[in-house]
Amino acid sequence: MKTYLIIIILTFTNSLIAQKALDTIYANNNKNVALFFPSPIRQGITGSEHFVFTYNREKEQYFGLLQATPGTESNLLTITNDGKVYAYILKYAETLSKLNYFIKQTQSIGNEKPLELKLKSLIQPINERANRITHYQKFSEYLLNSKPDHIKTKRKKGMKLRLQEMVYNASEVYLVLQIENKSGIDFEVDYLHVYRSNGNKNRKASYQRLLQKVVSCYKRPSIIKNKHIKRFVYVLPKFVLGENENLEIELVEFKGNRKIIL
């Protein structure tokens, strides 16, 4: 009996020692680094705000895009819809030797359920996250019920995209947006992205833009019918624009060629 128990303990210990080190992925703010997973992405989290991993939260897709600004190394934790967990070390690099990563299922570090306790220590506790989401929704509703302001508007072919307010609250910034459709044709939204940009668009060598992470969307429409107006709120991690930086909001039509950049 004693011998049997010793064998079990030694086997378990060896399996822990054999666990391989995490691979490193390099990124910067000049190019998008694409990560293609064997199953659609359900969740992706970076450990630091100067690394941004974006993926489609509304429609299942197999790839995500990674960008970074200079700073210390961090990590990326990704869960696909089949429960597989993938983890990587993230580092900033001025020059990138690889822009596309095709990830195999064998690179998974395990399944979601066996790692449930470990994931809870890496991700915000469920109750805390639920409270934050509730706060986002309540404050967004408060802003939508307030008298709308006007910061900037872009008009194009009967469509109007307007940034009404930009409000800082706790560790987030809230963007109150409005889309008005007078084009005569319904506008189905593919995506609305927020970027920080600097430089001159006419001089591509000096122009850069960095996609911003969105932590919550409140009442964002999927379609704006003709002669209708929709107001909604985007919640982003708090940031302050630099002296030469701009905020860009890009609205793109699904299965169409209309695009508005504010």
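Worth saying up front: this structure is predicted, and the values here are computed from it rather than measured.
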Could you state the interatomic distance from [atom1] ([X]) to [atom2] ([Y]), rounded to the nearest 0.5 Å?
X    : Y    : atom1 : atom2 : answer
N226 : N181 : CG    : CG    : 5.0 Å
S74  : L90  : OG    : CG    : 5.5 Å
T46  : L66  : OG1   : CG    : 8.0 Å
M159 : I185 : CE    : CD1   : 10.5 Å
K157 : K259 : NZ    : NZ    : 11.5 Å
T54  : L65  : OG1   : CG    : 4.5 Å

Which residues pass the salt bridge (Lys or Arg N to Asp or Glu O under 4.0 Å) test with [X], not counting sequence neighbours?
X    : result
R231 : none
K213 : none
E180 : K160, K182

Looking at residues at least two apart in the chain, or sitting in another chain, which of them share a ring-ring contact (aromatic ring centres under 6.0 Å, His included) with [X]?
X    : result
F51  : none
F37  : Y86
F239 : none
F36  : F63, F102

Cluster link [X] to [Y], ILVMFWY, side chain under 4.5 Å:
X    : Y    : result
V215 : L247 : no
I249 : F187 : yes
I25  : Y92  : no
L241 : V194 : yes
V85  : L35  : no

Run the salt bridge (Lys or Arg N to Asp or Glu O under 4.0 Å) test on E172 and K238 for me, step by step, so that the C-alpha distance in whole Å, both residues' side-chain angles and the decisive distance to 0.1 Å come before the verdict. CA-CA 4 Å; E172 287 81 33; K238 184 178 179 180; over 6 Å; no
Residues two or more places apart in sequence or in another chain: which of them pass side chain to side chain donor-acceptor pair (under 3.5 Å) with [X]?
X    : value
S48  : H50
N30  : Q208
S197 : E248

Closest approach of P237 and V173, non-hydrogen atoms and distance?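 Closest approach of P237 to V173: O-CG1, 3.8 Å.
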Stepwise side chain to side chain contact (heavy atoms under 4.5 Å, CB included) test for F53 and Q67: CA-CA 7 Å; F53 182 67; Q67 283 191 315; over 6 Å; no
For the residue pair R209 and Y195, would you count it as a cation-pi contact if the rule is NZ or CZ under 6.0 angstrom from the ring centre and within 45 degrees of the ring axis?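 The answer is yes; both the distance and angle limits are met.
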Tell me, please, whether Y218 has K138 positioned over its six-membered ring: NZ or CZ under 6.0 Å from the ring centre and within 45 degrees of its axis?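 Judged by the rule (NZ or CZ under 6.0 Å from the ring centre, within 45° of its axis), K138 is not positioned above Y218.
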E245, CD: over 12 other non-hydrogen atoms inside 6.0 angstrom: yes
Is it the case that more than 12 heavy atoms not belonging to K59 sit under 6.0 Å from its NZ atom?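 Above 12, so yes.
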Side chain to side chain, [X] and [Y], heavy atoms closer than 4.5 Å:
X    : Y    : answer
L262 : L163 : yes
Y55  : Q61  : no
F139 : Y174 : yes
N246 : R196 : no
V252 : H193 : no
L175 : V233 : no
V33  : L96  : yes
V189 : S222 : no

Under 3.5 Å, is there a donor on one side chain and an acceptor on the other for [X] and [Y]?
X    : Y    : answer
N28  : E94  : no
S183 : R258 : yes
H135 : N169 : yes
T69  : N29  : no

What do the steps show when you test R132 against S216 for side chain to side chain donor-acceptor pair (under 3.5 Å), and what is the final call? CA-CA 10 Å; R132 292 302 300 165; S216 179; over 6 Å; no
Can you give each donor-acceptor pair under 3.5 Å made by side-chain atoms of residues 143-153, sequence neighbours left out, with the distance rounded to 0.1 Å?
{"residue": "N145", "atom": "ND2", "partner": "E141", "partner atom": "O", "Å": "3.2"}
{"residue": "N145", "atom": "ND2", "partner": "E141", "partner atom": "OE2", "Å": "3.3"}
{"residue": "S146", "atom": "OG", "partner": "Y142", "partner atom": "O", "Å": "2.8"}
{"residue": "H150", "atom": "NE2", "partner": "T153", "partner atom": "OG1", "Å": "2.6"}
{"residue": "T153", "atom": "OG1", "partner": "R162", "partner atom": "NE", "Å": "2.7"}
{"residue": "T153", "atom": "OG1", "partner": "R162", "partner atom": "NH2", "Å": "3.4"}

With sequence neighbours excluded, what pairs up with V214 under the side chain to side chain contact (heavy atoms under 4.5 Å, CB included) test? C217, Y234, L236
With side chain to side chain contact (heavy atoms under 4.5 Å, CB included) as the test, would you mind laying out the steps for Q107 and Y88 before giving the verdict? CA-CA 10 Å; Q107 294 176 263; Y88 297 92; 3.9 Å; yes
